[in-house]
Q: 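Please find one structure pasted underneath; my questions will follow.
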Amino acid sequence: MTPAPPTGRSGHSPAARPRPPRALRNLNAKIASVPMILTALVVFMGGTAWTVAHSFTKSRLLPKWKFVGFDQYERLWSSNRWLISVENLLIYGLCSLMLTMAIGFTLAALLDRKIRFEGAFRTIFLYPFALSFVVTGLAWQWILNPDFGIQNVVRSWGWESFAFDPLNNPETVIFGVLIAGLWQGSGFVMVIMLAGLRGIDEDIWKAARVDGIGVTKTYVRVIIPMMRPVFVTALVIIASGIIKLYDLVVAQTNGGPGISSEVPAKYVINYMFEAQNLGQGFAASTMMLLSVIIILVPWAYLEFGGKKRG
Amino acid sequence: MKLTSILMTTALSVSATIAQSADLEVTHWWTSGGEAAAVTKFADAVNGQTTHNWVDGAIAGSGTTARPIIISRILGGDPMAATQLTHGRQAEELIEAGLMTDLTELAEQEGWRDIVNPPSLLDSCTYEGRIYCVPVNIHSTQWLWLSHEAFDKAGMSVPQDWYEFVAAAPKLAEAGIVPLAMGQQGWQQRIAFGALTVGLVDQDSWRKVSLERDAGVAAGPQYAKVFDAVVDARELARNSNVQDWNLATNMVITGKAGGQIMGDWAQGEFTLAEQVAGQDYTCLPGMGLNQIIDTSGDAFYFPAIDDAEVRQAQMDMASVLISKEVQVAFNLTKGSLPVRGDVDLSAANDCMKKGLAILADGNVLPSMDQAFSTDTQAQIQDLMAEFWASDMAAADAQARYAEIIADAD
């Protein structure tokens, strides 16, 4: 056996063996994170880049590198269906964002007043969220159907002239979808808010009561600002649900009457798979991505950039 | 004579025992009552005449629902053994990518070139000189179906063309009958539009627009007639609140609606309801104005599967689907026309005979599936969906249509 070399593990002379370069330090952790990094780069970033690149091509059924510049985008923005889709998403998005937050918070605040049977109410309100959008859509299609649903019920009570038929009118159909969306989403927001409210220290309430501040005022001035992280979480979840709005519309109206309740995600799916025009679908999905970035960047700047300054 | 037949049977049975049997998964979207009855004819023939098993993979919904599922399965590397598609340009790129089995040898052996009529059907299956699908029926979309019961109730004789039908509408409405049944789905509205185009426009203009993409003609006076007619149709269908096409057909069958514009597959529903053509209902090809039909249709494609047994089974199946008896049995049930001119159709009913006569006179046009890419058709469909649900004026719709034609490929 050969004797061990004089310098080695004992580390008597660190100068003779310089520390490994920065890139090689903590190697195990770095190797362990390689799959994650690869997934992020290849699957998420790579897939996105591939889609964006192909949106400049004339891909039909199969992706092809046949560049046509901005043709797909020009066609997209001159297509009535796309314009209606975007408009619908804006209406649905703004209303749904504000109303689910308002309804969710109100419900949570009411439940938080130490009422009886809180568990039962919580379950009832959260129940719709356990259903898929497809079931929700189909259920509300029936409820809003003038021959079977609300209109029929009210008329059978004797109010013969009562009319409530949002789904068959191109002007109001998106609000019919909105009703179903609110029914589905509010309970979930309520649960998040309730968790936030439970995280508020009891002493805060005591202090407010001692100072003689009303309940409503305490909520608006003290509790809501304290719940900022909860609101942000709820906002992100609702917003992502809005952008990808698809199954609810398919189940409830299938974009109809005509094209008056179309949404961008449906445009993407239809043009990619039914109309066999991948290029057009990619262009539309790139626009969706762009809109997310436009919303996300200022928010991220405020959220993370602001802290450093403040 | 007897000896040869005995020898033949033994030879057949011997070859049958040698031949391997395979399970063939077949996808299609024939799910309405009449269609389902027809597809069992195919399944029985495959199960009975070959050693293979027909594994039914029906996909509910129309072609617009089923086609993406079928195509994504083929692209995703999980192909079925055979699938229905409307031939034309839908499978062009799949063939180009080598995902479909080449049937040319079988076709030459059995002489499909000589038996398929009209030949354009086989041309739709042909890509760069090779044959990739077997046409199984001819479907024409230019039919107006009229309910005798409805017109009796309104105290009128049954109209003989589209204009008479429009004129008869007020009286129908008075009698509490919806003049025109129309499923509120884009593809049905597109088909109605296409049917009115063929019925009302002269052939020259039709060819200029659909085949040469002449946007000028599409914006011109000939086509203005069509858009006026679609405005009429929209008015007549105001109270038609059904979705699926067979529900609309059912309105005609039960006399709740005066008529419906639908392809000849509606025939299958009438047959299933045991109604007699000419007695309970009337069918008017080409809206009763132009005795012309188009020749789209269904075809079976066989996705390429790397397995000699399956390939052989696919060939056997293709051969059965186009054989004489199977063609007759299937098409009589489905209400479509057979793809070969040499079969005995004495059992055909009134409507099918009308179609066959037009076919024999050669008054045929290429179908929309053959003329336009799926993409262009989707744009026309979007336009029609929007038009039917709104108060869009005829002139606006025509201008938009001309734009689509100008950009068509």
Q: Counting only non-hydrogen atoms closer than 4.5 Å, does B/Ser390 touch chain A with its backbone (N, CA, C, O), its side chain (CB onward), both, or neither?
A: neither

Q: When the ring centroid of A/Tyr267 is compared with that of A/Tyr271, is the distance short of 6.0 Å?
A: yes

Q: Could you tell me which portion of A/Arg81 (side chain, backbone, both or neither) has an atom closer than 4.5 angstrom to a non-hydrogen atom of chain B?
A: side chain

Q: Is chain A contacted by the side chain of B/Gln377, its backbone, both, or neither, given a heavy-atom distance below 4.5 Å?
A: neither

Q: Closest heavy-atom contact between A/Ser85 and A/Pro264?
A: O-CD, 3.3 Å

Q: Could you have a look at A/Met272, A/Gln280, A/Arg75 and say which one has the most heavy-atom pairs with chain B under 4.5 angstrom?
A: A/Arg75

Q: Distance from B/Ile95 atom CD1 to B/Ile131 atom CD1, nearest 0.5 Å?
A: 11.0 Å

Q: Report which part of B/Gln184 has an atom under 4.5 Å of a heavy atom belonging to chain A: side chain, backbone, both, or neither.
A: neither

Q: Shorter than 4.5 Å, heavy atoms on both sides: which option in A/Asn270, A/Leu62, A/Ile269 has the most such pairs with chain B?
A: A/Leu62

Q: So, applying ring pair (Phe, Tyr, Trp, His ring centres under 6.0 Å) with B/Phe193, which one of B/Phe227, B/Phe387, B/Tyr223, B/Trp388 is it?
A: B/Phe227

Q: Is the A/Tyr73-A/Phe56 ring centre distance short of 6.0 angstrom?
A: yes

Q: With a 4.5 angstrom heavy-atom cut-off, is it the side chain or the backbone of B/Leu75 that approaches chain A, or both, or neither?
A: side chain

Q: With a cut-off of 6.0 Å (strictly less than), are more than 12 heavy atoms of other residues, nucleotides or ligands near NZ of A/Lys64?
A: yes

